[in-house]
Amino acid sequence: MSGPSTIRLMAPEGMVYIPPGGFLMGTSKEQVKLLTRAWHDWEDDWFSSELEQSRGEHLSGYWLDKYPVTNQDYRTFCQETNHEFPAHWIDEDGRLVFPREKAMHPVVHVSWDDAAAFAKWKNKRLPTAMEWEKAARGPAGNVWPWGNVWDPEKSNSGESGYGDTTPVDQFKAGKSYYGVYDTVGNIWQWCLDKVESTEESHPEPLRVLRGGSWKSPVFYCRGAIKYAMDPSRASDNFGFRCARDV
(Lines give C-alpha, C1' and ligand atoms only; values in the text may rest on other atoms or scores of the structure.)
Protein backbone atom coordinates (compact mmCIF):
# COMPACT_ATOMS: atom_id res chain seq x y z
CA MET A 1 0.00 0.00 0.00
CA SER A 2 1.38 3.38 -0.91
CA GLY A 3 2.17 5.92 1.76
CA PRO A 4 0.56 9.33 2.23
CA SER A 5 0.86 11.69 -0.70
CA THR A 6 3.53 14.37 -0.55
CA ILE A 7 2.78 17.90 -1.73
CA ARG A 8 5.81 19.53 -3.33
CA LEU A 9 5.78 23.24 -2.67
CA MET A 10 7.39 25.58 -5.17
CA ALA A 11 9.04 28.39 -3.24
CA PRO A 12 8.06 31.92 -4.27
CA GLU A 13 11.17 33.84 -5.30
CA GLY A 14 13.23 34.95 -2.32
CA MET A 15 11.12 33.12 0.26
CA VAL A 16 11.64 30.08 2.47
CA TYR A 17 9.03 27.66 3.73
CA ILE A 18 8.44 27.48 7.47
CA PRO A 19 6.73 24.10 7.97
CA PRO A 20 3.82 23.45 10.32
CA GLY A 21 4.68 22.42 13.83
CA GLY A 22 5.47 23.53 17.33
CA PHE A 23 8.04 25.94 18.70
CA LEU A 24 8.96 27.59 21.99
CA MET A 25 7.74 31.15 22.35
CA GLY A 26 9.07 33.52 24.99
CA THR A 27 11.97 32.77 27.32
CA SER A 28 11.95 29.77 29.64
CA LYS A 29 13.22 29.78 33.24
CA GLU A 30 16.13 27.60 32.12
CA GLN A 31 17.07 30.13 29.44
CA VAL A 32 16.89 32.99 31.93
CA LYS A 33 19.36 31.12 34.18
CA LEU A 34 21.65 30.50 31.21
CA LEU A 35 21.58 34.16 30.18
CA THR A 36 22.03 35.71 33.61
CA ARG A 37 25.02 33.44 34.24
CA ALA A 38 26.61 34.46 30.94
CA TRP A 39 25.75 38.16 31.36
CA HIS A 40 26.26 39.06 35.03
CA ASP A 41 24.72 42.53 34.71
CA TRP A 42 21.43 41.17 33.37
CA GLU A 43 18.62 40.94 35.93
CA ASP A 44 15.99 38.21 36.22
CA ASP A 45 13.15 40.73 36.18
CA TRP A 46 14.21 41.95 32.71
CA PHE A 47 12.65 38.73 31.41
CA SER A 48 9.36 38.90 33.31
CA SER A 49 7.12 39.54 30.28
CA GLU A 50 8.94 36.86 28.27
CA LEU A 51 8.48 34.33 31.09
CA GLU A 52 4.76 35.09 31.14
CA GLN A 53 4.61 34.35 27.40
CA SER A 54 6.82 31.24 27.59
CA ARG A 55 4.87 28.31 26.21
CA GLY A 56 4.71 25.86 23.37
CA GLU A 57 2.88 27.07 20.28
CA HIS A 58 1.86 25.44 17.00
CA LEU A 59 1.58 27.19 13.65
CA SER A 60 0.48 26.13 10.20
CA GLY A 61 3.05 26.32 7.42
CA TYR A 62 3.79 29.66 5.74
CA TRP A 63 6.32 31.41 3.51
CA LEU A 64 8.69 34.07 4.80
CA ASP A 65 11.16 36.32 3.01
CA LYS A 66 14.68 34.94 3.30
CA TYR A 67 16.02 38.49 3.72
CA PRO A 68 14.62 41.83 4.88
CA VAL A 69 13.33 44.04 2.08
CA THR A 70 16.25 45.90 0.51
CA ASN A 71 16.67 49.47 -0.68
CA GLN A 72 16.78 48.16 -4.24
CA ASP A 73 13.45 46.34 -3.90
CA TYR A 74 11.81 49.27 -2.17
CA ARG A 75 12.94 51.70 -4.89
CA THR A 76 11.25 49.52 -7.51
CA PHE A 77 8.05 49.53 -5.45
CA CYS A 78 8.07 53.33 -5.15
CA GLN A 79 8.78 53.81 -8.85
CA GLU A 80 6.02 51.45 -9.98
CA THR A 81 3.34 52.64 -7.54
CA ASN A 82 4.26 56.30 -7.00
CA HIS A 83 4.57 55.56 -3.30
CA GLU A 84 6.55 58.18 -1.41
CA PHE A 85 10.28 57.52 -1.24
CA PRO A 86 11.97 57.32 2.19
CA ALA A 87 12.69 60.85 3.38
CA HIS A 88 16.46 60.39 3.53
CA TRP A 89 16.55 59.61 -0.22
CA ILE A 90 15.41 63.15 -1.05
CA ASP A 91 17.97 65.95 -1.02
CA GLU A 92 17.36 69.58 -0.04
CA ASP A 93 16.43 70.41 -3.64
CA GLY A 94 13.77 67.69 -3.72
CA ARG A 95 15.77 65.35 -5.95
CA LEU A 96 15.95 61.61 -5.47
CA VAL A 97 19.38 60.52 -4.27
CA PHE A 98 19.29 56.74 -4.12
CA PRO A 99 22.05 55.21 -1.93
CA ARG A 100 23.51 52.94 -4.62
CA GLU A 101 26.27 51.71 -2.34
CA LYS A 102 23.53 50.39 -0.04
CA ALA A 103 21.30 48.79 -2.68
CA MET A 104 21.43 45.44 -0.84
CA HIS A 105 21.09 46.91 2.64
CA PRO A 106 17.68 46.74 4.30
CA VAL A 107 15.42 49.70 3.58
CA VAL A 108 14.96 51.97 6.61
CA HIS A 109 12.93 55.07 7.47
CA VAL A 110 9.75 53.15 6.63
CA SER A 111 6.59 53.25 8.73
CA TRP A 112 4.28 50.29 9.37
CA ASP A 113 1.93 51.64 6.68
CA ASP A 114 4.81 51.82 4.21
CA ALA A 115 5.74 48.22 4.99
CA ALA A 116 2.13 47.02 4.68
CA ALA A 117 1.74 48.82 1.33
CA PHE A 118 4.88 47.15 -0.04
CA ALA A 119 3.68 43.74 1.15
CA LYS A 120 0.28 44.23 -0.54
CA TRP A 121 2.02 45.24 -3.79
CA LYS A 122 3.97 41.95 -3.66
CA ASN A 123 0.80 39.94 -2.95
CA LYS A 124 2.20 39.21 0.49
CA ARG A 125 1.59 40.49 4.02
CA LEU A 126 3.60 41.31 7.09
CA PRO A 127 4.35 38.32 9.32
CA THR A 128 2.64 37.90 12.66
CA ALA A 129 4.87 38.21 15.70
CA MET A 130 4.54 34.44 16.26
CA GLU A 131 5.49 33.63 12.68
CA TRP A 132 8.49 35.92 12.95
CA GLU A 133 9.58 34.35 16.25
CA LYS A 134 9.30 30.77 15.01
CA ALA A 135 11.32 31.58 11.90
CA ALA A 136 13.98 33.32 13.99
CA ARG A 137 14.33 30.72 16.74
CA GLY A 138 13.56 27.37 15.12
CA PRO A 139 11.54 24.54 16.68
CA ALA A 140 13.83 24.36 19.74
CA GLY A 141 13.36 28.03 20.61
CA ASN A 142 16.99 29.11 20.36
CA VAL A 143 17.89 32.32 22.16
CA TRP A 144 19.65 33.49 18.98
CA PRO A 145 19.06 32.20 15.44
CA TRP A 146 22.24 30.09 15.52
CA GLY A 147 21.90 28.71 19.06
CA ASN A 148 22.13 29.66 22.74
CA VAL A 149 25.61 31.20 22.85
CA TRP A 150 26.10 34.80 21.74
CA ASP A 151 28.53 35.47 18.89
CA PRO A 152 29.00 39.12 17.83
CA GLU A 153 30.35 37.98 14.45
CA LYS A 154 27.01 36.45 13.44
CA SER A 155 24.81 39.56 13.39
CA ASN A 156 24.90 43.35 13.19
CA SER A 157 24.21 44.52 16.73
CA GLY A 158 25.38 47.55 18.67
CA GLU A 159 28.18 45.41 20.10
CA SER A 160 29.33 44.29 16.65
CA GLY A 161 30.59 47.80 15.94
CA TYR A 162 29.39 48.36 12.34
CA GLY A 163 27.62 51.58 13.21
CA ASP A 164 25.16 51.31 10.31
CA THR A 165 23.12 48.80 8.35
CA THR A 166 24.88 45.96 6.53
CA PRO A 167 23.98 43.91 3.41
CA VAL A 168 21.11 41.54 4.13
CA ASP A 169 23.09 38.50 2.99
CA GLN A 170 26.26 39.28 4.98
CA PHE A 171 25.77 37.01 8.00
CA LYS A 172 25.46 33.53 6.56
CA ALA A 173 26.69 31.97 9.82
CA GLY A 174 23.95 33.83 11.66
CA LYS A 175 20.98 32.55 9.68
CA SER A 176 18.24 30.72 11.53
CA TYR A 177 17.39 27.00 11.61
CA TYR A 178 15.09 27.57 8.63
CA GLY A 179 17.66 29.56 6.64
CA VAL A 180 16.27 33.04 7.35
CA TYR A 181 18.84 35.86 7.49
CA ASP A 182 18.98 38.95 9.73
CA THR A 183 16.36 37.92 12.26
CA VAL A 184 18.38 39.63 14.95
CA GLY A 185 20.29 42.84 14.46
CA ASN A 186 20.61 45.09 11.42
CA ILE A 187 17.03 46.46 11.60
CA TRP A 188 13.97 46.16 13.82
CA GLN A 189 11.23 44.52 11.74
CA TRP A 190 7.57 45.50 11.62
CA CYS A 191 5.02 42.74 12.25
CA LEU A 192 1.28 42.52 11.68
CA ASP A 193 0.19 42.50 15.33
CA LYS A 194 -1.53 45.36 17.12
CA VAL A 195 -0.83 46.28 20.74
CA GLU A 196 -3.13 48.53 22.72
CA SER A 197 -1.48 51.78 23.70
CA THR A 198 -1.29 52.84 27.35
CA GLU A 199 -0.23 56.40 26.49
CA GLU A 200 -2.89 59.12 26.66
CA SER A 201 -0.91 61.12 24.13
CA HIS A 202 -1.19 58.25 21.63
CA PRO A 203 -4.44 56.30 22.19
CA GLU A 204 -4.30 54.50 18.83
CA PRO A 205 -3.00 50.90 18.72
CA LEU A 206 0.73 50.35 18.35
CA ARG A 207 2.39 47.78 16.07
CA VAL A 208 4.96 45.17 16.99
CA LEU A 209 8.64 45.31 16.05
CA ARG A 210 10.99 42.35 16.41
CA GLY A 211 14.69 41.52 16.35
CA GLY A 212 16.76 44.51 17.45
CA SER A 213 19.03 46.51 15.16
CA TRP A 214 22.52 47.80 14.45
CA LYS A 215 21.99 50.25 17.32
CA SER A 216 20.78 47.68 19.84
CA PRO A 217 22.74 46.10 22.70
CA VAL A 218 22.76 42.32 22.65
CA PHE A 219 19.87 42.03 25.12
CA TYR A 220 17.55 43.44 22.43
CA CYS A 221 19.01 41.30 19.66
CA ARG A 222 17.21 38.12 20.69
CA GLY A 223 14.40 36.16 19.10
CA ALA A 224 12.09 36.58 22.11
CA ILE A 225 12.25 40.38 22.20
CA LYS A 226 9.12 42.38 21.32
CA TYR A 227 8.80 46.12 21.03
CA ALA A 228 5.67 48.16 20.31
CA MET A 229 5.76 51.43 18.41
CA ASP A 230 3.52 54.06 16.85
CA PRO A 231 2.90 52.66 13.32
CA SER A 232 3.50 56.10 11.79
CA ARG A 233 7.03 56.20 13.19
CA ALA A 234 9.94 55.75 10.78
CA SER A 235 13.56 55.46 11.88
CA ASP A 236 17.04 54.70 10.58
CA ASN A 237 16.82 51.25 12.20
CA PHE A 238 13.24 50.20 11.32
CA GLY A 239 12.64 47.91 8.35
CA PHE A 240 10.65 44.78 7.53
CA ARG A 241 10.27 41.51 5.67
CA CYS A 242 7.14 39.89 4.22
CA ALA A 243 5.22 36.66 4.66
CA ARG A 244 2.74 34.75 2.51
CA ASP A 245 0.14 32.10 3.25
CA VAL A 246 0.61 28.66 1.67
Side-chain angles (χ1 to χ4, degrees), residues 4-25 56-78 80-81 83 103-108 110-142 144-146 155 167-194 207-212 222-226 231 238-246:
S5 62
T6 300
I7 299 175
R8 293 179 64 94
L9 296 172
M10 296 297 292
E13 183 179 359
M15 305 191 86
V16 296
Y17 181 57
I18 312 298
F23 73 104
L24 174 68
M25 189 175 76
E57 290 287 350
H58 186 284
L59 289 176
S60 300
Y62 56 98
W63 298 104
L64 190 73
D65 284 349
K66 187 175 184 178
Y67 306 109
V69 172
T70 64
N71 286 316
Q72 180 174 279
D73 289 338
Y74 198 80
R75 178 180 62 172
T76 300
F77 158 65
C78 292
E80 293 191 6
T81 65
H83 192 89
M104 294 306 295
H105 287 226
V107 66
V108 294
V110 286
S111 68
W112 186 92
D113 288 332
D114 292 329
F118 178 96
K120 183 177 181 180
W121 173 69
K122 296 288 284 186
N123 294 316
K124 300 179 182 179
R125 58 176 173 78
L126 295 180
T128 67
M130 277 192 189
E131 288 172 338
W132 188 98
E133 186 165 342
K134 180 178 180 180
R137 302 180 66 190
N142 291 336
W144 291 285
W146 55 85
S155 70
V168 297
D169 60 355
Q170 179 165 324
F171 296 98
K172 185 175 182 179
K175 65 184 179 181
S176 76
Y177 174 89
Y178 296 111
V180 183
Y181 284 63
D182 272 2
T183 51
V184 296
N186 216 1
I187 40 99
W188 286 99
Q189 297 169 36
W190 288 112
C191 290
L192 196 60
D193 307 50
K194 290 182 180 180
R207 294 286 183 169
V208 169
L209 289 159
R210 306 292 313 244
R222 295 181 295 113
I225 281 287
K226 284 184 185 177
F238 291 3
F240 67 102
R241 71 175 78 229
C242 301
R244 179 180 285 175
D245 297 322
V246 174

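Quick caveat: nothing in here was measured; it's all calculated off a predicted structure. Numbers for residues simply follow the sequence, beginning at 1.
Going from atom CG of N142 over to atom CG of L24 covers 9.5 Å, rounded to the nearest 0.5 Å.
Under the 4.5 Å side-chain criterion, counting only non-hydrogen atoms from C-beta, F118 is not in contact with H83. Side-chain atoms of R125 and K120, non-hydrogen and from C-beta on, never get closer than 4.5 Å to each other.
Nearest heavy-atom pair, H105 versus P167, reported as atom, atom and distance to 0.1 Å: NE2-CD, 3.5 Å. For the pair D245 and W63, the tightest heavy-atom approach, listed with the atom from each and the gap, is O-CD1, 3.9 Å. In terms of heavy atoms, P145 sits closest to G174 at CB-O, 3.4 Å. Q189 and P68 get closest at one heavy-atom pair: NE2-CG, 4.3 Å. Shown here for S155 and W146, the closest heavy-atom pair between the two residues is OG-CH2, 4.0 Å. Heavy atoms only, all atoms of each residue included: Y177 and G138 are closest at CB-CA, 3.9 Å.
Listed by chain and number, the residues in a side-chain contact (heavy atoms from CB on, under 4.5 Å) with A115 are L126, W190, F240 (sequence neighbours excluded). By the side chain to side chain donor-acceptor pair (under 3.5 Å) test, K124 pairs with D65, sequence neighbours left out. N123 is linked by a side chain to side chain donor-acceptor pair (under 3.5 Å) to nothing, counting only residues two or more places apart in sequence or in another chain. With sequence neighbours left out, E57 forms a side chain to side chain donor-acceptor pair (under 3.5 Å) with R55. Applying the side-chain contact (heavy atoms from CB on, under 4.5 Å) test to E80 and every residue at least two apart in sequence or in another chain returns T76, W121. With sequence neighbours excluded, the residues forming a side chain to side chain donor-acceptor pair (under 3.5 Å) with D73 are T70, listed by chain and number. With sequence neighbours excluded, no residue forms a side-chain contact (heavy atoms from CB on, under 4.5 Å) with S60. In this structure, R207 has no salt bridge (charged side-chain N to carboxylate O under 4.0 Å, His left out) partners at least two apart in sequence or on a different chain. Listed by chain and number, the residues in a side-chain contact (heavy atoms from CB on, under 4.5 Å) with V180 are V16, I18, L64, A135, S176, Y178, T183, R241 (sequence neighbours excluded). The salt bridge (charged side-chain N to carboxylate O under 4.0 Å, His left out) search around R75 returns none, not counting sequence neighbours. When the ring pair (Phe, Tyr, Trp, His ring centres under 6.0 Å) test is applied to Y67, the partners found at least two apart in sequence or on another chain are Y181.
Applying the salt bridge (charged side-chain N to carboxylate O under 4.0 Å, His left out) test to residues at least two apart or on different chains, none of the pairs has a partner in residues 168-194.
With W112 contributing its side chain and C191 its backbone, the two residues share a donor-acceptor pair below 3.5 Å. Between the side chain of R222 and the backbone N or O of W144 there is no donor-acceptor pair closer than 3.5 Å. Judged purely by atom type and a 3.5 angstrom limit, Y62 uses its side chain to pair as donor or acceptor with the backbone of E131.
Remark: K122 NZ is loosely packed, at most 12 non-hydrogen atoms of other residues, nucleotides or ligands lying under 6.0 Å away.
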